[in-house]
Amino acid sequence: MDFIANVANFSVDDSALTVAFADDREDPQDYVILSVAAQESEQDRKLGLEGVYLELCAEGRGGYKLIESIITENNKVQIQLDPSLAKKNDLPLEILITVKPAITTEVYAGISEIVRRLR
């Protein structure tokens, strides 16, 4: 899956760190949300809600621990998914996002933290 993200955002609150990409701010058709808990709890681990969460274009189309790698280069973000989990969850093996006009330092910092938390 490839798309152009005209919106890229990084946010942190008490519960999560989130990086989001979307084709449109008001009515997104293509989007990717990457999120990780600020602090994982024992309950999260027991429920399998640990690691990086990926959501793709529709609520319910995503899950935890799907991502194998994230590579950033210039204004592109390449997300490789685990092949068996991608197939099981009806997701593509690769997501390539081109950010227009460019990825901000803040978004890069968020992606770096997400990559650090991949399992």
Side-chain angles (χ1 to χ4, degrees):
M1 173 187 178
D2 296 13
F3 76 95
I4 295 174
N6 296 304
V7 180
N9 188 41
F10 168 63
S11 64
V12 179
D13 61 29
D14 292 340
S15 62
L17 175 150
T18 303
V19 177
F21 303 95
D23 61 345
D24 186 79
R25 183 174 306 279
E26 300 301 321
D27 186 26
Q29 300 302 306
D30 290 322
Y31 67 87
V32 171
I33 298 171
L34 305 170
S35 185
V36 66
Q39 291 187 347
E40 290 176 353
S41 69
E42 186 60 35
Q43 181 179 5
D44 288 343
R45 285 190 270 296
K46 286 179 182 176
L47 295 172
L49 306 176
E50 60 186 318
V52 177
Y53 176 79
L54 166 80
E55 183 175 314
L56 178 64
C57 297
E59 194 168 328
R61 195 163 170 223
Y64 289 89
K65 301 181 189 176
L66 299 170
I67 301 170
E68 278 191 346
S69 67
I70 300 174
I71 299 167
T72 57
E73 186 176 329
N74 299 321
N75 65 332
K76 295 185 185 303
V77 179
Q78 178 184 17
I79 303 170
Q80 292 287 137
L81 302 185
D82 176 283
S84 62
L85 294 175
K87 184 176 181 177
K88 178 180 174 183
N89 290 281
D90 192 31
L91 295 168
L93 292 177
E94 179 181 274
I95 303 163
L96 182 61
I97 305 163
T98 302
V99 181
K100 299 280 183 165
I103 301 172
T104 65
T105 304
E106 184 179 70
V107 172
Y108 268 121
I111 294 168
S112 294
E113 181 60 22
I114 296 278
V115 168
R116 191 182 73 73
R117 304 273 295 273
L118 287 176
R119 296 175 191 226

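If you're wondering where the values come from, they're calculated on a predicted model, not measured in any experiment.
- Not counting sequence neighbours, Lys88 has no partner by the side-chain hydrogen bond (donor to acceptor under 3.5 Å, both in side chains) test.
- Applying the ring pair (Phe, Tyr, Trp, His ring centres under 6.0 Å) test to residues at least two apart or on different chains, none of the pairs has a partner in residues 91-116.
- Applying the side-chain hydrogen bond (donor to acceptor under 3.5 Å, both in side chains) test to every pair with at least one member in residues 11-21, sequence neighbours left out, gives these pairs: Asp13-Ser15, Thr18-Ser35.
- The shortest heavy-atom contact between Ile111 and Val19 is N-CG2, 3.9 Å.
- Side-chain atoms of Val32 and Val77, non-hydrogen and from C-beta on, never get closer than 4.5 Å to each other.
- When side chains are defined from C-beta on, Ile67 counts as touching Leu81, because their heavy atoms get closer than 4.5 Å.
- Screening residues 102-113 for salt bridge (Lys or Arg N to Asp or Glu O under 4.0 Å) gives Glu113-Arg116, Glu113-Arg117 as the qualifying pairs, with residues at least two apart or on separate chains.
- Evaluation of the side chain to side chain contact (heavy atoms under 4.5 Å, CB included) rule for Gln29 yields Asp23, Asp27 as partners, not counting sequence neighbours.
- Scanning all heavy atoms of the two residues, the minimum distance from Gly51 to Val36 falls at O-CG2, 3.6 Å.
- Judged as a ring-ring contact (aromatic ring centres under 6.0 Å, His included), and not counting sequence neighbours, Phe10 has no contacts.
- Once rounded to the nearest 0.5 Å, the distance linking CD1 of Ile79 with CE of Met1 reads 9.5 Å.
- Under the 3.5 Å distance criterion, the side-chain polar atoms of Asn75 are matched with a main-chain donor or acceptor of Val99.
- Taking every heavy atom of both residues into account, Lys100 and Ile4 meet most closely at CG-CG2, 3.4 Å.
- Taking both residues in full, the closest heavy atoms of Val115 and Ile70 are given as CG2-CB, 3.7 Å, listed atom of the first, atom of the second, then distance.
- The closest side-chain heavy-atom distance from Val7 to Tyr31 is not below 4.5 Å.
- Side chain of Asp24 to main chain of Glu26: a donor-acceptor pair is present (N/O by atom type, distance under 3.5 Å, no hydrogens or angles).
- For residues 61-101, the ring pair (Phe, Tyr, Trp, His ring centres under 6.0 Å) pairs, not counting sequence neighbours, are Tyr53-Tyr64.
- Qualifying side-chain hydrogen bond (donor to acceptor under 3.5 Å, both in side chains) partners for Asp82, counting only residues two or more places apart in sequence or in other chains: Ser84.
- Leu34 CG to Ile114 CD1: the interatomic distance, rounded to the nearest 0.5 Å, is 5.5 Å.
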Identify every side-chain donor-acceptor pair in residues 89-96 under 3.5 Å, counting partners at least two apart or on other chains, and give the distances.
residue	atom	partner	partner atom	Å
Asn89	ND2	Leu85	O	2.8
Glu94	OE1	Gln78	NE2	2.5

